[in-house]
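Because the structure is predicted, anything quoted here is derived from the model rather than measured. Starting from 1, each residue takes its place in the sequence as its number.
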Amino acid sequence: MTAYIRYVALDGGEGDDRGGGDDRARWGVIEDEVVADGVVEDGYVEELAAPPFEGEVRTGRGRPLDQVRLLAPTTPSKVIAVGLNYRSHLDNNPLGRREAPPAPGLFAKLPSSIVGPDAPIRIPPDAKIVHVEGEVVVVIGRRARNVSPGEADDFIFGVTAGNDVSERVWQRNDLQWLRAKGSDSFGPLGPRIATGADWSDLRLRTRLNGRVVQDARTRDLIFSIPEIVAYTSRYVTLLPGDVIYTGTPGKTAAISPRDRVEVEVEGVGVLANPVEAGL
């Protein structure tokens with residue numbers, strides 16, 4: 001399995017916590033990395049000359065993983081998400097029990113909601129109930145428009161971990177979910193993109209302050225990852241680096257400042273983020 005990251009070198013400036021816009025950000029490839037209980041060990045990063053989606057170009061330069069700070073592993077032009085895609089979530093939906101949808105329930109988050117590993121989830125001052133939703137996230141590798149489920153695998157670059165942070169009062173009361181799902185920092189993503197994974201059966205776990213609050217496998221998805229990509233491509237042209245959050249399982253958990261959230265995806269690692277009060 002090969003993994004890709006975005007990072008800033010610790011000796012090259014701090015950068016920022018957002019998904020993009022940092023002129024010191026670099027792309028890197030990690031091969032034969034050891035992941036034990038979601039912890040990356042002894043990683044070495046080889047720098048890439050450009051994003052890897054349409055073919056990697058290695059520079060020959062590299063450094064140990066502990067000498068870099070990870071950013072979100074892609075800078076998507078669009079962030080798509082799927083609601084109600086695990087049967088276990090239908091009975092545990094915070095907005096009330098729901099029936100299984102006839103097609104993937106798509107909505108959009110904003111690219112500015114994306115933050116990387118260890119970046120804080122900032123709760124807006126007027127937010128009342130904020131939940132975390134651990135998810136497996138698909139990263140698109142090729143321009144996709146009107147592809148079939150049978151073709152979809154050819155357009156998937158890899159998978160990563162994501163957190164669809166959601167403000168429940170706004171989600172229930174607002175006309176649209178822009179505030180509830182798209183606020184700044186409401187889309188943690190990372191720590192790396194894993195290619196070659198069997199995304200039909202990956203384990204997903206979410207921990208809040210060390211306690212497991214969600215545990216499922218992608219074989220339990222109502223709509224499979226290829227079905228989601230195909231359905232989305234009927235209506236939205238997907239570009240390299242775009243992402244799709246594929247849904248959250250079970251019951252979601254409320255968060256408060258000083259909490260710590262971890263989303264672990266098998267083969268990807270752990271996406272960890274502290275929670276802070278926003279200004």
Side-chain angles (χ1 to χ4, degrees), residues 1-6 18-21 25 27 29 48-57 71-86 100-114 133 135-164 176-178 181-182 186-190 192-202 204 218-219 221-248 265 267-268:
M1 184 181 297
T2 303
Y4 297 90
I5 61 172
R6 278 182 71 246
R18 296 170 295 170
W27 296 85
V29 59
L48 299 177
F53 306 116
E54 298 180 79
E56 65 176 52
V57 179
L71 305 174
T74 181
T75 55
S77 71
K78 59 188 69 69
V79 181
I80 307 296
V82 183
L84 301 174
N85 202 26
Y86 284 88
L106 304 181
F107 60 93
K109 295 172 75 73
L110 297 176
S112 55
S113 73
I114 297 295
E133 300 187 3
E135 310 202 7
V136 174
V137 179
V138 174
V139 182
I140 300 300
R142 295 170 51 198
R143 183 183 184 276
R145 175 69 173 143
N146 278 326
V147 305
S148 70
E151 298 170 323
D153 282 1
D154 293 335
F155 294 84
I156 297 171
F157 182 75
V159 293
T160 189
N163 189 341
D164 177 22
Q176 300 290 339
W177 289 356
L178 187 143
K181 297 280 194 175
F186 275 24
L189 196 68
R192 61 190 196 142
I193 303 170
T195 63
D198 178 12
W199 45 72
S200 67
D201 191 20
L202 294 174
L204 164 69
T218 54
R219 67 186 179 214
L221 287 167
I222 296 173
F223 299 101
S224 70
I225 286 175
E227 289 173 323
I228 293 167
V229 171
Y231 183 79
T232 304
S233 76
R234 292 187 200 174
Y235 310 102
V236 177
T237 300
L238 297 169
L239 301 177
D242 285 350
V243 297
I244 305 175
Y245 287 62
T246 60
T248 200
V265 172
V268 171

Test item: V138 and I228 side chains (from C-beta on) under 4.5 Å apart, heavy atoms: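 SC-SC contact between V138 and I228 ruled out.
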side-chain contact (heavy atoms from CB on, under 4.5 Å) evaluation trace for L110 with F186: CA-CA 9 Å; L110 297 176; F186 275 24; over 6 Å; no
For the student: nearest non-hydrogen atoms of [X] and [Y], plus distance:
X	Y	result
V147	A230	O-CB, 3.3 Å
V159	A197	CG2-CB, 4.3 Å
W27	P51	NE1-CG, 3.4 Å
T218	S200	OG1-C, 3.2 Å
P111	P76	CB-O, 3.7 Å
T237	R145	OG1-CD, 3.4 Å

Please answer whether the main-chain N or O of [Y] pairs with a side-chain N or O of [X] as donor and acceptor at a distance below 3.5 Å.
X	Y	value
R192	I5	no
T160	G190	yes
S233	A144	no
N85	F223	yes
N163	E133	yes
D242	I140	no
K181	Q176	no

Worked check of side-chain contact (heavy atoms from CB on, under 4.5 Å) between I80 and Y235: CA-CA 12 Å; I80 307 296; Y235 310 102; over 6 Å; no
side-chain contact (heavy atoms from CB on, under 4.5 Å) between L239 and F53, intermediate numbers included: CA-CA 10 Å; L239 301 177; F53 306 116; over 6 Å; no
Taking atom [atom1] of [X] and atom [atom2] of [Y], what is their separation to the nearest 0.5 Å?
X	Y	atom1	atom2	answer
T246	E227	OG1	CD	12.5 Å
Y86	L221	OH	CG	4.0 Å
L71	L189	CG	CG	11.5 Å

Parallel, tilted or perpendicular: rings of Y4 and F157 (30°, 60°):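 Ring orientation of F157 relative to Y4: tilted.
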Option passing side chain to side chain contact (heavy atoms under 4.5 Å, CB included) with I156 (candidates I225, L238, T195):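 Result for side chain to side chain contact (heavy atoms under 4.5 Å, CB included) with I156: I225.
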Stepwise side-chain contact (heavy atoms from CB on, under 4.5 Å) check, V29 with T2: CA-CA 7 Å; V29 59; T2 303; 3.4 Å; yes
Side-chain ion pair, D164 and K109, N-O less than 4.0 Å: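 Counted as a salt bridge, because a side-chain N and a carboxylate O are separated by less than 4.0 Å.
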More than 12 heavy atoms of other groups within 6.0 Å of E54 CD: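 No, the 6.0 Å shell around CD holds no more than 12 heavy atoms from other groups.
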